[in-house]
Student: 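Take this structure, written in structure tokens, and hold onto it; I'll ask about it next.
Atoms within a ligand are numbered from 1 in the order they appear, just like the ligands themselves. This one's a predicted model, so the numbers in the text were calculated from it and none came from an experiment. All values below come from the heavy atoms of this structure, side chains included, with hydrogens, waters and symmetry mates left out.
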Amino acid sequence: MSPPQHQQQPPAPTTTVFVGTLIHSTGLATLEIIAPGVLGVDSNGRISFVEKLRHSGESEGDDGVEDERLLRELLTRVGAEGVEIRRLPSHSFLIPGLIDTHVHAPQYAYTGTGYTLPLLDWLTTYTFPSERKFSSLMHAQTIYPKAVARSLRCGTTTAAWYGTLHLPATKVLAETCKSLGQRAFVGKVCMDRNGGEGYVEPSASDSLETTKEFINAVQSLNADTVQPILTPRFAVSCSSELMKGLAQLASQHALRIQTHCSENPAECSFIRDLFPDSRDYVSVYHDHGLLTNRTVLAHCVHLSDAETTLLSETQAGISHCPVSNFALSSGVCNVRRLLDANIKVGLGTDVAGGWSMSVVEAMRSALVASKVVGFTQRDALLALSKIPKSVVEDEGPVLYHDQPHRPLTVPEVFYLATLGGARVLNIAETVGNFIPGKEFDAVIVDLDAPETTTSEIDEARRPVTVFEHDTVTTMFEKWVFLGDDRNVAGVWVKGRRVV
Ligand code: GUN
Ligand code: ZN
């Protein structure tokens, strides 16, 4: 008897190969453009190789035939098997996934409203009443999928989320990150005082118990891309007992910690009243054992030199949230000073303090903030006649870029949005750029999106217009200043397509 005839199935691809322009950071000011580049992703979602297809001087050949030959040759050389090739369209590039180091999921519900109040009034008027609604599981099930989906749509492959005080609702947030495929750190917010309107946990021990339950719940999701993060809201709303308890939990379970620090002058003054024995705001966290190399402090706008030194020594990271700092009139953070002090810095959207879920919006606001710092400092020196007026008139730009607080550049804000964020969250061994062995978290940015017909009116719907004179470098710069979620043509987390 002859064996049964099975229909031949094509073998599942074991390597996905992206061919096109690759852009990533290898350091703060070192943007690497690999064009044309070839990047392989293995079946475990890891980057298996990154190569340049041809070097400058080598011709593109006839109708890409030569490129095709070079590609085959390259794939044979790297031993890629079962290959599926994805060619990037022209005017598009592949970048590492964007990293949002600070964002509040429940606040998505009122994003874009209420920016007339400063921080402490904003919290009691809008934030706490809105977060209190998450005692309803149904409310969480309505808001959280929308918040996480929006974040992914903007190209954010990793987010450090704040939930609320509520255990069931914050579990929903962690489950949502798992089901939608976003890499995430999720925190149940802890606060045992100064909540306002009854938005506060009954005691420090109650907050710690709920936190332990939350850690267990997230760990039992068995999602290697979703982890718990300890989340004392800020020292204003946490007692010493609570902060010390959380520090113990952090060291017992090797957990990351996220909180707010030095965002607004009134908040800093409140901290001085609440903690008269601590030298300054950063020291409050240090004195309670919360300042580790796995701690993320959001904002840090108003730091003394002693505070920057302490952050550099402890290697705690800062989430710079420029959109929020503008929206809540908190101040303008001098990021150059933090970087020069060897402090880890990433970007945060801080929704709803910030009005946008987009890390691209955070990138360009970081550029604007750093320009404001630069010219404010220049003008202060001018007012003191420390710079002769003629020098500014004749050599203004030179002088400006020689200053210690010279503005950030496009490559630098891109670093903050990717590798810098990964360093702040202590995941740079895993993601942040295109180094073989790292997991493949990436975004295809397409400047010809959204798709249009050929009419000029349709083309006007695109946030970015590409002209013949544009180069890869100018297209990248245009994307940073003009791009938005319409340019996000695909998002991958650990090799899995999620948008
Ligand atoms: N400080 C304490 N809580 C918050 C918050 O929810 N948002 C911002 N921007 N700052 C805070
Ligand atoms: Zn915040």
Student: Among protein heavy atoms, which sits nearest to atom 9 (N) of ligand 1, and what does the distance come to when rounded to 0.1 Å?
Tutor: D350 OD2, 2.7 Å
Student: Run the numbers for me: atoms of ligand 1, each under 4.0 Å from some heavy atom of H299, listed by number.
Tutor: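 What qualifies from ligand 1 is 9 (N).
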Student: Heavy-atom distances under 4.0 Å are what count here, so tell me which part of E263 touches ligand 1: side chain, backbone, both or neither.
Tutor: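 Side chain only.
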Student: Would you call E267 a ligand 1 contact, heavy-atom distance under 4.0 Å?
Tutor: no
Student: To check your reading of the model: name the closest protein heavy atom to atom 3 (N) of ligand 1, its residue, and the distance in Å.
Tutor: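 Scanning the protein heavy atoms, the shortest distance from atom 3 (N) of ligand 1 goes to R233 NE, 2.8 Å.
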Student: Counting no waters, what protein N/O/S atoms lie under 2.8 Å from the Zn ion (ligand 2)?
Tutor: H102 NE2, H104 NE2, H260 NE2, D350 OD1
Student: Below 4.0 Å, non-hydrogen atoms only: which portion of V236 touches ligand 1? Side chain, backbone, both or neither.
Tutor: neither
Student: Between Y162 and F185, does the ring centre distance come in under 6.0 Å?
Tutor: no
Student: Give me the atom names and distance for the closest heavy-atom approach of N487 to P463.
Tutor: OD1-CG, 3.3 Å
Student: Within ligand 1, which atoms have a heavy atom of F234 less than 4.0 Å away?
Tutor: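 Once the distances to F234 are compared, the set is 1 (N), 2 (C).
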Student: So is T127 polar-close to ligand 1, meaning N/O to N/O under 3.5 Å?
Tutor: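 Min N/O separation from ligand 1 is not below 3.5 Å for T127.
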Student: Mind checking whether W122 and Y110 have parallel, tilted or perpendicular rings, split at 30° and 60°?
Tutor: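 Answer is tilted, since the angle falls between 30° and 60°.
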Student: What atoms of ligand 1 come closer than 4.0 angstrom to any heavy atom of H104?
Tutor: 5 (C), 6 (O), 7 (N)
Student: Check K244 with E241, please: is the shortest side-chain N to carboxylate O separation under 4.0 Å?
Tutor: no
Student: Could you tell me whether W122 and ligand 1 have an N or O pair separated by under 3.5 Å?
Tutor: no
Student: For the side chain to side chain donor-acceptor pair (under 3.5 Å) test, which of D224, T157, N44 pairs with K494?
Tutor: D224
Student: Should the pair K178-E175 be classified as a salt bridge under the 4.0 Å nitrogen-to-oxygen rule?
Tutor: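 E175 and K178: not salt-bridged.
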Student: What about Y281 and H286, are their ring centers closer than 6.0 Å?
Tutor: no
Student: Which atoms of ligand 1 are found less than 4.0 Å from any heavy atom of L119?
Tutor: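 Counting from 1, the qualifying ligand atoms are 8 (C), 10 (N), 11 (C).
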Student: Got a salt bridge between K188 and E213, using NZ or NE/NH1/NH2 to carboxylate O under 4.0 Å?
Tutor: no
Student: Do E307 and H302 have side chains that approach each other closer than 4.5 Å (heavy atoms only, starting at C-beta)?
Tutor: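 No - every pair of side-chain heavy atoms lies 4.5 Å or more apart.
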Student: Under 3.5 Å, side-chain donor or acceptor atoms of residues 141-153 against the rest of the protein: list the pairs with distances, not counting sequence neighbours.
Tutor:
unit_1, atom_1, unit_2, atom_2, d
T142, OG1, M138, O, 2.8
R150, NH2, D485, OD1, 3.3
S151, OG, Q182, NE2, 2.9
R153, NH1, V488, O, 3.4

Student: Check step by step if side-chain hydrogen bond (donor to acceptor under 3.5 Å, both in side chains) holds for S239 and D192.
Tutor: CA-CA 6 Å; S239 67; D192 63 347; 2.5 Å; yes
